[in-house]
Amino acid sequence: MIDIALPKGRLGEKVYQMFESAGYGCPAIHDQNRKLIFANEEAGVRYFWVKPSDVAIYVERGAADIGVAGKDILLEYEPDLYELLDLGLGKCRMAVAGPKEFRDDLGKTLRVATKFPNIAQQYYAGQSRAIDIIKLNGSIELAPLLGLSDLIVDIVETGTTLKENGLEPLFTIIPISARLIANKVSYKFKNAEIRDLCRKMHTFCQEVKKKA
Ligand code: PRP
């Protein structure tokens, strides 16, 4: 049995479709209820619906053998696990954004609001720029509007949230997408099953790419 942590929500639905198409369906998952665990003994899989930012924790600690997490979470928390495959879903980018008229004053410490302090810290360390990180948990775009920060480091998908709040993407830090991840011990002891699943998912991803 492979235990799989799926990110709850829109991305999770798409990710599950991918597992189903690769031959790891679990019909009970379509039942309208609030259960969080679903198993298909015949297919040898058990799914858990997990808060997206928690998937890597379940996998790192071995509560799930594999899972799907955004590259943003993997870069931010640097969990000790294997990244097996880029699923090509949930594509967006990590970016620096701010007001159009923003001009950096190198004489001042730059105030940066973000949900991703580690990513922001590393990016600005690479630029040798001193920053003051303001860690927020959501609605990051508000921070420069209210004078809480000069800039933000955040996920940009369509760019609509920035635009509608009078902000602009200024620099792309890194492209982001959903990744198939595995617990290191599970990968050793369930190696054949996990590699088989990974291969089927990879084949499915390639077919989707070809059609696109
Ligand atoms: C994310 C991100 C941006 C928005 C970007 O927020 O933090 O605010 O999506 O998407 P867009 O470029 O398509 O507009 P999320 O919806 O996760 O909510 P949050 O503000 O509570 O973090």
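Atoms within each ligand, like the ligands themselves, are counted from 1 in listed order.
Closer than 4.0 Å to atom 19 (P) of ligand 1 lies at least one heavy atom of the protein. Under the 4.0 angstrom criterion, atom 1 (C) of ligand 1 counts as lacking any protein heavy-atom contact.
Residues Ile155 and Phe116 meet the side-chain proximity criterion, which asks for heavy atoms closer than 4.5 Å. The shortest side-chain heavy-atom distance between Thr114 and Ile152 does not fall under the 4.5 Å cut-off. Using a 4.5 Å heavy-atom threshold, the side chains of Tyr82 and Ile181 count as separate.
Glu207 and His202 are not linked by any side-chain donor-acceptor pair at a separation below 3.5 angstrom, with hydrogens and angles left out of the test. A donor and an acceptor atom, one from each side chain of Glu20 and Tyr24, are nowhere located under 3.5 Å apart.
Note: an N/O pair closer than 3.5 Å links Gly159 and ligand 1 by distance alone.
Taking the six-membered ring for Trp, Phe38 and Phe48 have ring centres at least 6.0 Å apart.
Of all protein heavy atoms, the one lying nearest to atom 13 (O) of ligand 1 is Thr158 OG1, 2.5 Å. The shortest contact between atom 4 (C) of ligand 1 and any protein heavy atom is with Thr161 OG1, 3.7 Å.
Between atom 22 (O) of ligand 1 and the options Glu157, Arg93, Glu164, Lys115, the minimum heavy-atom separation is to Lys115. Which of Ser53, Pro169, Gly138 comes nearest to atom 21 (O) of ligand 1 through a heavy atom is settled by distance: it is Gly138.
Listed by number with element, the atoms of ligand 1 under 4.0 angstrom from any heavy atom of Glu141 are 3 (C), 8 (O). Of all atoms in ligand 1, numbered sequentially from 1 with element shown, those under 4.0 Å from a heavy atom of Ile155 are 2 (C), 3 (C), 5 (C). Counting the atoms of ligand 1 from 1 in the order shown, those under 4.0 Å from a heavy atom of Ser139 are 19 (P), 20 (O), 21 (O).
Only the side chain of Asp154 comes within contact range of ligand 1, with a heavy atom under 4.0 Å; no backbone atom does.
Distance check, rounded to the nearest 0.5 Å: CG of Asp65 to CD1 of Ile2 gives 7.0 Å.
Considering Lys209, Lys91, Arg179 as possible partners of Asp86, the one that fulfils the salt bridge (charged side-chain N to carboxylate O under 4.0 Å, His left out) test is Arg179.
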